Amino acid sequence: MTLAFRASRPGVWVLRDSDRSTRLQLIEDFGQRLREAVARVIVGKDAVVELLAVALLCEGHVLIEDVPGLGKTTLAKVVARCLDCSFSRIQFTPDLLPSDVTGIFYFDQKASEFVFRAGPIHASIVLADEVNRATPRTQSSLLEAMEERQVTVEGQTMRLPRPFMVLATQNPIELEGTFPLPEAQLDRFLLRLALGYPSAVEEVAILRRFQTASPLDDVQPVASSQQIMDLCKATREVYVSDAIAEYVVALTQATRDHDTIELGASPRASMALCRSAQALAGLRGRDYVVPDDVKRLVGPVLGHRLILRHQGRLHGAATERTLAAIVEATRAPVEPLPELSRGRPTPT
């Protein structure tokens with residue numbers, strides 16, 4: 001079982017029967033291909049693309065939160081085009097109904113029966129644009145889909161395609177006409193990301209790149225649905241030592257006991273942090289997790305799951321700074337790595 005992949009068309013590979021080390025190598029290759037493809041459109045956001053790749057390998061959902069005009073929607077669209085999967089976009093507005101998202105049964109007079117018309121949620125990659133502009137009733141229609149990868153309409157449950165990923169965007173500045181996402185729905189997002197403003201050099205590069213035509217039209221897929229699912233399965237084989245698992249739990253426990261945090265991270269957050277660290281390790285060419293993998297993901301995984309106390313907000317204790325203080329105060333494992341065969345301890 002040594003044959004790993006072959007080229008099927010430019011930018012696309014086919015995963016064949018392979019051993020564990022080869023499958024893990026393909027994780028790193030996938031991350032590199034995705035970064036290169038996105039970089040043809042998005043300038044200077046390699047760190048954000050790496051985190052999006054983490055979410056893909058975990059089949060997690062991502063909330064992209066930043067001010068208008070920074071390319072949130074463009075980033076989501078280019079990532080969707082990099083995957084040879086079905087894609088749909090939902091523009092959330094106050095008058096959007098749950099049935100507009102999930103689909104409806106309508107009566108077909110010609111066939112004399114009720115027929116289901118699938119909504120845009122029935123796609124592998126779903127862009128939920130300006131998700132906080134919809135009413136809580138409509139927002140809640142995403143809960144079952146995001147958590148259980150299925151929707152229920154008129155008592156009938158339908159499975160969603162795999163992989164399934166929601167890329168949601170929202171503007172944190174403008175509050176008029178918006179409905180803040182409830183904690184239950186925020187907890188469904190694996191990561192929360194922010195793009196930030198580009199540097200002067202990057203902004204000049206953006207002007208040049210979009211001067212004549214949109215480079216989005218030239219993006220080619222780098223993986224198919226089945227390939228993504230194979231990589232997700234391979235990601236779960238990345239080794240997590242007991243020391244790393246205890247470190248993850250220590251970090252989440254610290255959020256529950258911190259003076260300025262009213263609502264700390266849940267066990268679901270612990271699982272998300274551990275799972276994300278496995279994906280990040282694979283993308284960085286390792287099949288074992290190290291403390292730096294966990295530290296890198298503390299902010300994106302835990303930041304949107306915490307609620308600060310009123311006193312902490314008054315003293316300017318931002319969530320990012322609070323989490324940075326927790327990471328600094330929590331002792332990371334420093335034990336020497338065992339004898340590794342691609343990351344796993346060799347049997348004695």
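This is a predicted model, so every value here is computed, not measured.
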Enquirer: Holding to salt bridge (Lys or Arg N to Asp or Glu O under 4.0 Å), I want the full list of residues that pass it with E50, two or more places apart in sequence or in another chain.
Expert: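 Per chain and number, E50 pairs via salt bridge (Lys or Arg N to Asp or Glu O under 4.0 Å) with R284.
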Enquirer: Show, in sequence, the C-alpha distance, side-chain angles and deciding distance for E36 and Q32, and conclude whether the side chain to side chain donor-acceptor pair (under 3.5 Å) test is met.
Expert: CA-CA 6 Å; E36 291 174 354; Q32 181 62 33; 2.9 Å; yes
Enquirer: For A123, give me all partners under side chain to side chain contact (heavy atoms under 4.5 Å, CB included), at least two apart in sequence or on another chain.
Expert: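 S86, S88, V126.
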Enquirer: Share the residues that join Y106 in a hydrophobic cluster, the rule being Ile, Leu, Val, Met, Phe, Trp or Tyr side chains under 4.5 Å apart at the heavy-atom level.
Expert: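 The other cluster members (ILVMFWY side chains, heavy atoms under 4.5 Å, direct or chained) are V115.
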Enquirer: Please name the pair of heavy atoms, one in T138 and one in V101, separated by the smallest distance, quoted to 0.1 Å.
Expert: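 Result for this residue pair: CG2-CG2, 4.1 Å.
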Enquirer: Pairs under 3.5 angstrom only: tabulate donor-acceptor contacts from the side chains of residues 57-68 to other protein residues two or more places apart or in another chain.
Expert:
residue : atom : partner : partner atom : Å
E59     : OE1  : R162    : NE           : 3.2
E59     : OE1  : R162    : NH2          : 2.5
E59     : OE2  : R162    : NE           : 2.7
E59     : OE2  : F164    : N            : 3.2
H61     : ND1  : V166    : N            : 3.0
H61     : NE2  : M146    : O            : 2.8
E65     : OE2  : Q170    : NE2          : 2.4
D66     : OD2  : L195    : N            : 2.9
D66     : OD2  : G196    : N            : 2.8

Enquirer: Quick one: list whatever passes side chain to side chain donor-acceptor pair (under 3.5 Å) with T252, sequence neighbours left out.
Expert: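 Residues passing side chain to side chain donor-acceptor pair (under 3.5 Å) with T252: S270.
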Enquirer: How long is the gap from CZ on R188 to CG on L143, to the nearest 0.5 Å?
Expert: 5.5 Å
Enquirer: Filter on ring pair (Phe, Tyr, Trp, His ring centres under 6.0 Å), then keep only pairs touching residues 253-281, sequence neighbours left out; what's left?
Expert: none
Enquirer: Test: salt bridge (Lys or Arg N to Asp or Glu O under 4.0 Å). Region: residues 204-222. Which pairs qualify, not counting sequence neighbours?
Expert: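 Qualifying pairs: R81-D217.
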Enquirer: Same cluster or not: V131 versus L191, using hydrophobic residues (I, L, V, M, F, W, Y) connected whenever any side-chain heavy atoms lie under 4.5 Å apart?
Expert: no
Enquirer: Provide the full list of ring pair (Phe, Tyr, Trp, His ring centres under 6.0 Å) pairs with a residue in residues 212-238, sequence neighbours left out, each pair given once.
Expert: none
Enquirer: Could you tell me if the ring centre of F105 sits under 6.0 Å from that of F114?
Expert: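 Ring centres of F114 and F105 not closer than 6.0 Å.
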Enquirer: Which residue pairs satisfy the salt bridge (Lys or Arg N to Asp or Glu O under 4.0 Å) criterion with at least one member in residues 125-140, sequence neighbours excluded?
Expert: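 Found R89-D129, E130-R133, R133-E174.
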Enquirer: Under the side chain to side chain donor-acceptor pair (under 3.5 Å) rule, collect the residues that match up with R256, sequence neighbours excluded.
Expert: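 R256 satisfies side chain to side chain donor-acceptor pair (under 3.5 Å) with no residue once adjacent residues are dropped.
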Enquirer: Tell me every residue that passes side chain to side chain contact (heavy atoms under 4.5 Å, CB included) with A281, counting only those two or more places apart in sequence or in another chain.
Expert: V238, R286, V289, D293
Enquirer: Sort and list the pairs that fulfil ring pair (Phe, Tyr, Trp, His ring centres under 6.0 Å) and have at least one residue in residues 185-227, not counting sequence neighbours.
Expert: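 Found none.
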